[in-house]
There are 2 protein chains.
Amino acid sequence: MKSSNVVKVSFKEQMLQAREDAIIRTVNRLLAEKGFEAMTVDEVAADVGIAKASLYKHFPSKEDLAAAAMVGVMRRAQDYIKALPADATPLEKLRTVVRWTMELKLAGEMPSLPSQNSTLRATLIANRDYMDGLMEVSDHLGAWIEAAQAHGALNPQLPAIAVLYTLYARACDPVLEFLKMGGQHNDAQIIELVMSTCFDGLNAR
Amino acid sequence: MKSSNVVKVSFKEQMLQAREDAIIRTVNRLLAEKGFEAMTVDEVAADVGIAKASLYKHFPSKEDLAAAAMVGVMRRAQDYIKALPADATPLEKLRTVVRWTMELKLAGEMPSLPSQNSTLRATLIANRDYMDGLMEVSDHLGAWIEAAQAHGALNPQLPAIAVLYTLYARACDPVLEFLKMGGQHNDAQIIELVMSTCFDGLNAR
DNA sequence: GTCTATAAAAGGATAGAC
DNA sequence: GTCTATCCTTTTATAGAC
């Protein structure tokens with residue numbers, strides 16, 4: 001009786017988790033497609049295939065819905081960083097992470113950040129999981145940036161924070177979608193182009 | 001009687017023009033601050049200090065309101081390009097224009113483009129003034145890019161269109177606002193930093 | 001927890017007097 | 001053209017039955 005109960009609860013929780021994952025995947029995609037303001041809760045519910053009221057049982061507000069998706073992406077980034085080969089150089093690690101974020105963006109899985117005074121911003125800043133993740137990621141990237149600058153691989157004249165922001169910005173670079181719309185290059189080519197303009201610059205060498 | 005009429009009409013038209021300019025300035029600022037979706041017509045009316053219904057006498061819809069602001073910025077860009085010193089090198093011209101767009105952005109006067117499937121996009125694409133302006137600007141920049149590549153000033157390996165998009169993207173580069181929020185650098189320093197990462201790249205030289 | 005139904009509010013747009 | 005007042009749709013959010 002007891003073990004049966006345990007299994008049943010576990011199963012239900014598994015179902016619940018699966019549904020929440022489905023919700024977050026949809027939210028993630030919609031955030032990437034149209035941004036927070038243009039995404040509607042009705043749309044999310046319809047896409048997931050559940051009633052809107054059910055959505056609100058899982059997440060108390062539209063902001064929390066979006067925040068959950070952002071936390072998910074942040075977690076993926078943390079996992080990706082943890083799985084990087086330990087013997088790679090700092091510059092290689094940085095390049096690999098940036099490439100990964102651009103692949104995510106081209107795949108339509110990179111939610112675009114709220115532009116400035118969105119209500120989402122406040123929710124994110126108040127979100128412990130998100131901010132902790134962001135800081136952990138920033139700490140890793142920051143250490144690699146300083147190491148790469150010390151080794152003469154990255155321009156040591158640039159403030160590390162400027163480099164960090166420049167790398168973060170690749171995750172929402174409109175050049176990716178512009179080139180994709182142009183149809184002249186495939187995803188891999190687009191990524192290499194932006195990698196080149198980012199690290200080598202536009203000037204001739 | 002006739003001349004008095006002419007003067008009166010001209011004066012009224014001047015007033016009308018002045019009011020529309022005020023409207024567009026407000027819309028421009030709000031578009032820069034929060035984007036098209038987050039900007040409300042009520043907000044615009046309140047900021048300008050007129051009734052919402054009056055706004056709709058000037059512009060038939062929210063999309064047209066925003067489009068008017070975008071056309072205004074495009075016109076400013078065309079004027080700026082026309083006024084560039086004729087004896088400057090193509091690379092110098094490109095750098096000057098990019099710097100100017102970033103100054104606009106830091107001043108909060110660069111409306112952020114609609115992210116993808118905004119209703120604003122269709123309106124802009126259907127807008128003759130906007131599209132003509134965009135093409136004129138692109139023609140100038142494109143010619144300078146190819147000349148700079150031919151002279152060995154810009155990397156000739158990069159497709160000109162990729163360079164063009166990369167330059168356009170500086171006008172909405174989140175790195176600018178990130179660095180500004182950081183408070184460690186003034187506007188001029190921020191612009192030079194982004195100019196450096198854009199043209200020189202992140203790698204050491 | 002999931003649903004249907006509905007509230008409650010916001011936002012785009014218009015009517016009609018002046 | 002400007003205003004007040006209002007319409008109507010969309011959208012966020014909740015009530016209440018099962």
Side-chain angles (χ1 to χ4, degrees), chain A residues 5 8-24 26-27 30-31 33-69 114-115 117-124, chain B residues 5 7-27 30-31 33-70 114 117-124:
Chain A
N5 250 345
K8 204 166 186 181
V9 168
S10 169
F11 177 73
K12 276 175 82 173
E13 280 180 358
Q14 217 172 332
M15 290 286 88
L16 187 75
Q17 188 59 46
R19 167 137 308 180
E20 294 206 342
D21 284 352
I23 294 172
I24 287 181
T26 291
V27 171
L30 289 175
L31 282 180
E33 270 177 27
K34 38 213 300 184
F36 177 70
E37 327 281 348
M39 177 188 80
T40 72
V41 179
D42 293 79
E43 203 173 10
V44 175
D47 194 292
V48 176
I50 65 178
K52 186 165 49 170
S54 303
L55 258 192
Y56 277 96
K57 298 284 182 178
H58 290 274
F59 302 94
S61 75
K62 184 188 176 187
E63 281 76 15
D64 290 283
L65 204 54
S115 50
N117 24 339
S118 175
T119 58
L120 177 55
R121 256 184 115 88
T123 303
L124 280 178
Chain B
N5 250 347
V7 169
K8 206 165 185 182
V9 167
S10 170
F11 178 72
K12 278 175 82 172
E13 281 179 359
Q14 216 174 332
M15 289 286 90
L16 188 73
Q17 188 60 44
R19 169 138 307 181
E20 293 205 344
D21 285 351
I23 293 172
I24 288 181
R25 265 195 304 279
T26 290
V27 171
L30 289 175
L31 283 179
E33 271 177 27
K34 37 211 304 183
F36 177 71
E37 328 282 348
M39 177 188 80
T40 73
V41 179
D42 295 78
E43 204 173 10
V44 175
D47 194 292
V48 176
I50 65 177
K52 186 162 53 165
S54 304
L55 258 192
Y56 277 95
K57 299 284 182 177
H58 291 274
F59 302 93
S61 73
K62 183 188 176 187
E63 280 77 14
D64 290 282
L65 203 55
M70 305 295 289
N117 23 341
S118 176
T119 58
L120 177 55
R121 259 184 114 86
T123 303
L124 281 177

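What you see is a predicted model; the values in this text were computed from it and never measured. All chains are named by letter (A, B, ...) in the order of the sequence lines, taking the proteins before the strands, and each is independently numbered beginning at 1. Only this structure's heavy atoms are used, side chains among them; waters, hydrogens and symmetry mates stay out.
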Counting only non-hydrogen atoms, which of residues 50-66 of chain A are less than 4.0 Å from DNA chain C?
->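 Hits under 4.0 Å, by residue number: A:I50, A:A51, A:A53, A:S54, A:K57, A:H58.
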
Aromatic B:F36 / basic B:K62 pairing, under 6.0 angstrom, 45° off normal |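 Judged by the rule (NZ or CZ under 6.0 Å from the ring centre, within 45° of its axis), B:K62 counts as positioned above B:F36.
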
Under 3.5 Å donor-acceptor, B:Q17 side chain and B:Q14 backbone |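 Not at all, since once roles are kept as given, no pair shorter than 3.5 Å links the two residues.
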
Would B:E37 and A:K34 pass as an ion pair if we require N to O under 4.0 Å?
->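 So B:E37 does not pair with A:K34 through a salt bridge.
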
Heavy-atom side-chain proximity of [X] to [Y] below 4.5 angstrom:
| X | Y | answer |
| --- | --- | --- |
| B:Y56 | B:V41 | yes |
| B:I24 | B:F59 | yes |
| B:E63 | B:L124 | no |
| A:T119 | A:T123 | no |

For B:M15, which contact category applies under a 4.0 Å heavy-atom criterion: base, sugar-phosphate, or nothing?
->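 If one applies the 4.0 Å heavy-atom cut-off, B:M15 turns out to touch nothing in the nucleic acid.
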
Taking 5' to 3' order, which nucleotide of DNA chain D is first and which is last to have an atom within less than 4.0 Å of a heavy atom in chain A?
->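 Span of nucleotides near chain A: D:dT11 to D:dA15.
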
Candidate pair A:R19 and A:I50, rule side chain to side chain contact (heavy atoms under 4.5 Å, CB included), full reasoning = CA-CA 10 Å; A:R19 167 137 308 180; A:I50 65 178; 3.3 Å; yes

When the distance from CD of B:E43 to C1' of C:dA10 is rounded to whole Å, what number comes out?
->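 In whole Å, C:dA10 C1' lies 12 Å from B:E43 CD.
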
